[in-house]
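Notes to accompany the following structure.
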Amino acid sequence: MEQKEPTRSSKNKRVGIFNRVRKIKYDYWLISILILAAFLYAWNIWEAGEANNFYTAAIVSMTKSFKNFWYASFDPAGFITVDKPPVALWFMTISAKIFGVHGWSVVLPSILFGIGSVYLIYNLVRKRFGRIPARISALFMTLTPIVVADSRTNNMDATLVFFLLLSVYFVQKSVLKGQQRYLWIGFALMGVSFNVKMLQAFMILPALYLYYWIAVNISWKKKLINLSIATVFLAIFTLIWPLSVDMTNSSNRPYEGGSETNSALELAFGYNGTQRLLGQTTGTGGAFPGMGSSSSKKSGKSNMPGGTKPSKSSKNAPTPPSGSKKKAPNGGQPGGKSKKGGPGTGGAGGGAFNIGTAGPLRLFQKELGPQISWLLIIALLGMISSYFYYRGSKMKRWYSLNPQRKELWLWAGWLIPVFGFFSVASFFHPYYTIMLAPAISILAGVGIFTMIKQWKEKSGFSILLPSAIISTAFLQAWYIYDDYQVSAWILLVLGILVSLPLFVIPWISKKLKYGRSIAIASVILVMLAPTWWSLTPTIAGSSDGIPSAGPSLLSAGGMGSGGVGSGSVDNTLLNYLEKHQGSAEYLFATDDSSTAAPYIIKTGKAVMAMGGFNGTDKAITLKQFKKLVKEGKLKYYYAAGKTGSSNSEIVSWIKKHAKKVTLKNSNNSAVSSITTSTKTSSSKKAPSGSPSAPKQGQVPGNQGGTPPNGSSKAPSGMKKPTGTKNKMKKPSKKPSGKSIPGGMSEGGPGGQSGVLYDLSSIYD
């Protein structure tokens, strides 16, 4: 059979494509920055362990069925969901479906979205301000410590920032090209962003409306029509998922974790909405101190973040869970005093819930500053510098707008509301401050460029560059002082030495012969400390439930997966449950997801977390629980000794009627395996150096989240477990709870011991 020769048109088409590719002008600085981002976000990620195992357990469950996938079910049986919408988890589940459930595979989407955010920032800035400010802005974003930490976890924040930037990209494209379809795509993507992390996404929504209104050159009537249509797209893509949940009969879907009324919309506007601003009242209980729980209020001890200034002794600060490799900053007291005597941050934000004192300077405080605020002063002064630098010669008034100034209003509109929220909000985690990173990076990147230009031109604004450098040097020296006293003094002295000539040279020298070199040196100087902070998660190989950056990660001796969502599996307990599960739908029931998650990850089996994330959700009634037990769908309940459970009625019924199970001796309390496709043997011996075996009947419990007040300190001096590479956490120490009949231990400090109850005996 003869082969036909390619036609001349097809040859020309190939040549045309080749020529277009060859003529593409690559920005090699951008390529270098993206490679740096890939290194920071991905290096050592194969040691991620379970990352945030609250979400990893959900990913395991979501791979089991489309129903679990759509609703973001925490457990394979579809009993309860995670307390966030599913979009970010969808990408992680797809990755896990392709590559299998591993620490690196569930984190891979966050890594890619983090790198994508760096590229989008470059693209957004280049179109109006040029390549040099775009490169600087992309570099600043890459080297923001909390961006690195968040991009290395399976939390939702890196995904959220990417979709927000993508939304801005399309709105900007609509302005530049004058085509409304891009505006509608941009607002539709804002609706998608809502379904990544709910109302947190809408903090930048006013900036989009403002930007389009002032930037597009059409009549105000057309602006109003276009924005109205865009708002319809926003509403559709915002509500399509929560309405699909709320309109489905509750018996045909999982309980909506974190909500009080089993409603996704109530979750969005309550637990993930107003309660973040005004103070958390649900989903917290007594499991985590410092969160404004009802238990703390009843005791008369207000631990609400932002409500009162954190005590330097940090007696109420959460301690790391047993089973985490990572030591708490500054000798185990997050936010407490460092060894050098200063009020320590430990380089890691001062703890999961230590967010400083509410007020206009909160973001500059040590609890939050070392994660996000290294360049905040430069961004604020740069906003002033760039606004006046981009004043066109034909402008009649100083406040008139041109294309560059309109872009500046976009990023100021992003920065100001988010800055205001974090300044006054009563409950959030330090790693949420990644929301500020794009605006700070762009305003600082454009601002440092214009400040250098104004300084070289000897304009009246030339004083802004040395002012920004010396004030930033003071701030950064204060941040690093607790960890590196000598380096802090060196940074401060260098900041003064560099800034003084910048103040003087424009007024005494006609030609700024070495001016450019001094200006570049000043920029490098203020990037040294944040670059080191950004390197620490990469060097440590961390992928934490509560992401952070700082030297405390290195002092912990390497990789860690501590914080909320880390726990261990007791093999004795697991062996018994798997052996006796029979046809029961659930392996066992327990109070909260932090106890259940490691068992779901290791076995892929359903474990009922009756109270959701912290045991405070009222997801099941006693009548429903009794029915499951009577039908044989649930045979065991494991009391891990946690506090704050809202299922006290069920627990009381269990303790009154069920039999306690006494387990045989065991010398292992193994960490859970991240790989579910090949089940790790549950009979492996504990690593050498592990604590002694528990006594007969004593079942070491999973630690999960942060222990309640009064909990014991995290164990230290324990050796790394041997065996499979995916075993990433240390075994917990022998619990020291009070003794109860049957030789078991219950209710030890921090929930470090537990009791197994046989429910099948109730209806025998």
Side-chain angles (χ1 to χ4, degrees), residues 140 144-146 199-200 202-207 210 273-280 290-292 302-312 335 342-345 349-351 353-387 408-444 446-448 451 464 467-482 526 529-530 548:
F140 286 172
T144 300
I146 199 58
L199 281 184
Q200 186 173 328
F202 282 2
M203 284 195 282
I204 74 158
L205 191 56
L210 173 65
T274 56
Q275 290 185 25
R276 303 283 169 168
L277 179 65
L278 303 176
Q280 207 75 30
M291 293 173 64
S302 177
N303 295 323
M304 180 68 71
T308 58
K309 191 172 182 177
S311 170
K312 289 185 178 181
T345 65
F353 304 106
N354 194 350
I355 55 176
T357 305
L361 298 179
R362 176 192 265 177
L363 284 165
F364 290 101
Q365 297 169 14
K366 286 189 176 182
E367 291 79 6
L368 299 177
Q371 303 303 313
I372 188 63
S373 301
W374 299 92
L375 302 175
L376 184 53
I377 293 176
I378 294 177
L380 295 174
L381 294 180
M383 187 163 48
I384 299 171
S385 167
S386 53
Y387 193 81
L408 291 172
W409 273 112
L410 166 64
W411 299 110
W414 181 314
L415 177 67
I416 293 170
V418 181
F419 184 100
F421 171 82
F422 286 122
S423 296
V424 301
S426 293
F427 172 74
F428 60 89
H429 294 298
Y431 68 89
Y432 291 7
T433 56
I434 191 178
M435 281 287 294
L436 288 158
I440 291 176
S441 300
I442 290 173
L443 291 173
V446 176
I448 204 75
M451 283 189 281
L464 287 176
S467 299
I469 298 300
I470 194 169
S471 57
T472 299
F474 268 92
L475 179 68
Q476 294 184 359
W478 181 54
Y479 285 160
I480 71 173
Y481 182 80
D482 293 332
V526 297
S548 65

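Only this structure's heavy atoms are used, side chains among them; waters, hydrogens and symmetry mates stay out. Only a predicted model underlies this, so the values are computations on that prediction, with no experimental measurement involved.
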Check: Can you check side chain to side chain contact (heavy atoms under 4.5 Å, CB included) on I372 and T144, steps first, answer last?
Finding: CA-CA 6 Å; I372 188 63; T144 300; 3.8 Å; yes
Let me check something: any side-chain donor-acceptor pairs from residues 410-422 under 3.5 Å, sequence neighbours excluded? List them with distances.
residue: W414; atom: NE1; partner: M435; partner atom: O; Å: 2.7

Side-chain contact test, heavy atoms from C-beta onward, threshold under 4.5 Å: evaluate it for [X] versus [Y] and give yes or no.
| X | Y | answer |
| --- | --- | --- |
| I355 | P430 | yes |
| L363 | L376 | yes |
| P530 | F140 | no |

Considering all heavy atoms, the nearest [X]-[Y] contact:
| X | Y | value |
| --- | --- | --- |
| A529 | Q476 | CB-OE1, 4.0 Å |
| S385 | G447 | OG-O, 4.0 Å |
| A425 | F428 | CB-CD2, 3.8 Å |
| F364 | W478 | O-CZ3, 3.2 Å |
| W374 | T472 | O-CG2, 3.4 Å |

Check: Between R362 (side chain) and L368 (backbone), is there a donor-acceptor pair under 3.5 Å?
Finding: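 Not a single qualifying donor-acceptor pair exists.
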Check: Does S471 use its side chain to pair, donor to acceptor, with the backbone of A468 at less than 3.5 Å?
Finding: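 It does hold such a pair.
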What is the distance from atom [atom1] of [X] to atom [atom2] of [Y], rounded to the nearest 0.5 Å?
| X | Y | atom1 | atom2 | answer |
| --- | --- | --- | --- | --- |
| L210 | L205 | CG | CG | 11.5 Å |
| I384 | L464 | CD1 | CG | 6.5 Å |
| M203 | L436 | CE | CG | 8.0 Å |
| L408 | I442 | CG | CD1 | 10.0 Å |
| L381 | L375 | CG | CG | 12.0 Å |
| N354 | K366 | CG | NZ | 12.5 Å |

Notebook entry, point to check: Which residue pairs pass the side-chain hydrogen bond (donor to acceptor under 3.5 Å, both in side chains) test with at least one member in residues 431-441, sequence neighbours excluded?
Noted result: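 Checked against side-chain hydrogen bond (donor to acceptor under 3.5 Å, both in side chains) - neighbours excluded - the pairs reaching residues 431-441 are R276-Y432.
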